[in-house]
Amino acid sequence: MKKAKSTLSSVLLVCLSLIWLSPIYIILANSFKSRDEMYVNPLGMPVKFSLEYYSGAMEKMNFLRAFGVSLVITIVSVAIIVVLCAMAAWMMARSDGKLSKAIYYTLILTMLIPFQTLMMPLMQEMNSLEKLLGFQIKDTIGGLIFMYIGFGAGMGVFMFYGFVKGSLPRTLEEAAIIDGCNTWQLFWRVVFPLMKPTIITLVILDVIWIWNDYLLPSLTLKSASNRTIPIGTQIFFGQYTIEWNMAMAALMLTIIPVVVFYLCAQKHIVKGVAAGAVKG
Amino acid sequence: MIPFLLTVVVPFFQGIGYSFVSWNGMAKTAKVFVGFQNYMAVFSDKRFLDSLVRTTLFTVVTVAIVNTLALAFALWTTSRIKARNAGRAMLFMPYLIGGLILGYVWNYILGYGMSLVANATNNSTLFFNWLSNKQYALYAMIVVATWQMAGYMMIIYIAGLEAISGDVLEAAQIDGASGWRNLISIKLPLLMPSITICLFLTLSNCFKIYDVNVSLTGGGPANATEMISMNIYNEIFVKSNFGLGQAKAVVFFFLVALITFFQVRMTSNKEVEC
């Protein structure tokens, strides 16, 4: 009896999950259909699988280029955020000065500021910086990465600071110093490896954020060669006519890498998201 | 730390400065100091106030639905059944796909797709283009936001549920607590920290929602689904009222900060030790 109940519950859960994901199925099924077929058969499986719309969509949004841009921006930003925040948080947590307390609390408080409050002055500031320094910042990948580091600093420092204060024993560092470690070695050989759980959490949260971010790149990246994946998808959804078959192929193209990433790192992602929330 | 100063701290103070001037964004035109006039204008701007009310309603409804669903999912997938891991994985999936893409997916389903189904089935009372109906377009926003966030919150509730020690639940069972009693008197009070976090995340995400708004409805039909974020964006980058738009942005900051502050204080007061 109990077993039957639990099997029933399992079956129901799987049904619910499949219904939950049905929107993705609808996009997938329709990305293979011609316009006429879509019209008579909007929900069923396609009759034949033609990849015509996929190749069209890939060409139109310059998928490989956009994928590369997104990948570079995400990887470089996240790597720099992790290393810089780990260093900064460690130093701040280990010093008792008033200055480091002040910096720490500024970082935490600014996490509350919505991006919409900063976007216009940020763009103006970048304009005047460009004039002052004489090189381009807006519409460059480096400039965007620079801004992501700034926006990611608050949460990164917050999480590492909590880890150092909470679960990194000071005695361990003292022992390493007695063994002849200098600060640089101490960080890379002792502190950084021990931070691994926090690093994984932060990487997962920041990757999800930066890969999917839309507003900041839409404000800074104007030229076609710098399009990220979300910005590239936008070109399929014009004001008046939408070529739905191609648009859906494009949506699938953007969803597939995310699914692959998820399947590869599912355990870490679920753990990271849960841990990130508890710390945040 | 330089990127942080340049991208967050400096713009924040600059932004407060901009909110006191009247300016159209052109480098050539002068910025005229107008004092608090922009702020007065914000509170007499009907379109802004409408979008504020709309965003608040949207947030209240979505937060309630998302958290109820997420908690139900979490309770279900922590029961000892075989499919629990597969279920979790599938229910969490939508969160990983960005808001912009999700909005486009549903843009097809609730818009064009719905009208196709209506055609194929000759039933237009049940199936019609939601996105061209003012009221249903707002429902569409709620559906999509729910679909995006419920799985994410579920993961946080699961972490909270798994942290509750088995001893407490066993003790309750011995005392004769049934399933419901167990949930209301034991699990929910012990889950308060997770509830605080989830309410905070859903509240601030709903209030700041922008991507889904852009891709799902574009604010339409006839501005009926324009949320605050989009209103600010349009004021600055479409209508070129930089001063007024920035004043709205500053008001927006104080609103988000105040609301989340009170929510966190209220719910964390209810947390219990065990």
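Chain identifiers are assigned alphabetically (A, B, ...) following the order of the sequence lines, protein sequences preceding nucleic acid strands; residue numbering begins at 1 within each chain.
Residue A/Asn30 touches chain B through its side chain alone, counting heavy-atom pairs closer than 4.5 Å. For B/Ile101, the parts lying under 4.5 angstrom from a heavy atom of chain A are both the backbone and the side chain. For B/Tyr210, the part lying under 4.5 angstrom from a heavy atom of chain A is the side chain only. Interface residue A/Val259: backbone and side-chain heavy atoms are both found under 4.5 Å from chain B. Only the side chain of A/Ile26 has a heavy atom closer than 4.5 Å to any heavy atom of chain B. The contact between A/Gln116 and chain B is made by backbone and side chain atoms together, counting heavy-atom distances below 4.5 Å. For a residue to count as touching a neighbouring chain, one of its non-hydrogen atoms must lie under 4.5 Å from one of that chain's; by this rule A/Ile269 touches chain B with the side chain only. Using a 4.5 Å cut-off between heavy atoms, A/Leu219 contacts chain B through its side chain alone, with no backbone atom that close. The parts of A/Ser9 that come within reach of chain B are both its backbone and its side chain, each placing non-hydrogen atoms under 4.5 angstrom from that chain. For B/Phe237, the part lying near chain A is the side chain, with the backbone staying farther off; criterion is any non-hydrogen pair under 4.5 Å.
Interface check for chain A: of the options B/Ala89, B/Cys198, B/Gly98, B/Ala86, the most heavy-atom pairs under 4.5 Å are formed by B/Ala89. When the candidates B/Val105, B/Ile109, B/Ile236 are compared by the number of heavy-atom contacts under 4.5 Å with chain A, B/Val105 comes out ahead. Comparing B/Phe200, B/Phe207, B/Trp106 by how many heavy-atom pairs each has under 4.5 Å with chain A, the most go to B/Trp106. Options B/Val117, B/Ile232, B/Thr77 differ in how many heavy-atom pairs under 4.5 Å they form with chain A, and the most are formed by B/Val117. When the candidates B/Thr260, B/Leu116, B/Asn85 are compared by the number of heavy-atom contacts under 4.5 Å with chain A, B/Leu116 comes out ahead.
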Q.
B/Tyr95 vs A/Ile208, test: side-chain contact (heavy atoms from CB on, under 4.5 Å). Steps then yes/no.
A. CA-CA 9 Å; B/Tyr95 175 69; A/Ile208 297 175; 4.1 Å; yes

Q: Go through the steps to decide whether A/Leu112 and B/Val256 satisfy the test side-chain contact (heavy atoms from CB on, under 4.5 Å), and finish with yes or no.
A: CA-CA 8 Å; A/Leu112 283 174; B/Val256 175; over 6 Å; no

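Here the straight-line distance linking atom CG of B/Leu100 with atom OG of A/Ser218 works out to 9.0 Å at 0.5 Å rounding. Within the model, atoms CH2 of A/Trp244 and OH of B/Tyr112 stand 9.0 Å from one another, a figure rounded to the nearest 0.5 Å. In this structure, CE in A/Met120 is found 13.0 Å from OH in B/Tyr233, a value given to the nearest 0.5 Å. For the atom pair CG (B/Leu96) and CH2 (A/Trp211), the distance works out to 12.5 Å, reported to the nearest 0.5 Å. Between atom OG of residue A/Ser17 and atom CH2 of residue B/Trp76 there is a gap of 7.5 Å, rounded to the nearest 0.5 Å. For the atom pair OG of B/Ser229 and CE of A/Met119, the computed distance is 7.5 Å after rounding to the nearest 0.5 Å.
Aromatic ring centroids of B/Phe73 and A/Trp20 lie under 6.0 Å apart.
Between B/Phe92 and A/Tyr262, the angle of the ring planes lies from 30° to 60°, which puts this pair in the tilted group.
Residues B/Trp147 and A/Pro23 meet the side-chain proximity criterion, which asks for heavy atoms closer than 4.5 Å. Counting heavy atoms from C-beta outward, B/Met90 and A/Leu16 have side chains that stay 4.5 Å or more apart. With a 4.5 Å cut-off on side-chain heavy atoms, A/Phe115 and B/Lys208 do not count as touching. Looking at heavy atoms from C-beta onward, A/Gln234 lies in side-chain contact with B/Val214 at the 4.5 angstrom threshold. In this structure the side chain of A/Leu21 never reaches within 4.5 angstrom of the side chain of B/Leu91, judged on heavy atoms.
A pairwise comparison of heavy atoms in A/Asn212 and B/Ile97 identifies ND2-C, 4.0 Å as the closest pair. The minimum heavy-atom distance linking B/Ala159 with A/Ala274 is given by the pair CB-CB, 3.8 Å. Of all non-hydrogen atoms in B/Gln246 and A/Thr117, the two that sit nearest each other are NE2-O, 2.9 Å. Residue B/Arg84 comes nearest to A/Leu13 through the heavy atom pair CA-CD2, 4.0 Å, listed as atom of the first residue, atom of the second, then distance.
Heavy-atom contacts from other residues, nucleotides or ligands closer than 6.0 Å to CE of A/Met91 number 12 or fewer. In B/Lys82, the NZ atom is not crowded: 12 or fewer heavy atoms of neighbouring residues, nucleotides or ligands sit closer than 6.0 Å.
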Pairs under 3.5 angstrom only: tabulate donor-acceptor contacts from the side chains of residues 76-88 of chain A to other protein residues two or more places apart or in another chain.
from    : atom 1 : to      : atom 2 : distance (Å)
A/Ser77 : OG     : A/Ile73 : O      : 2.5

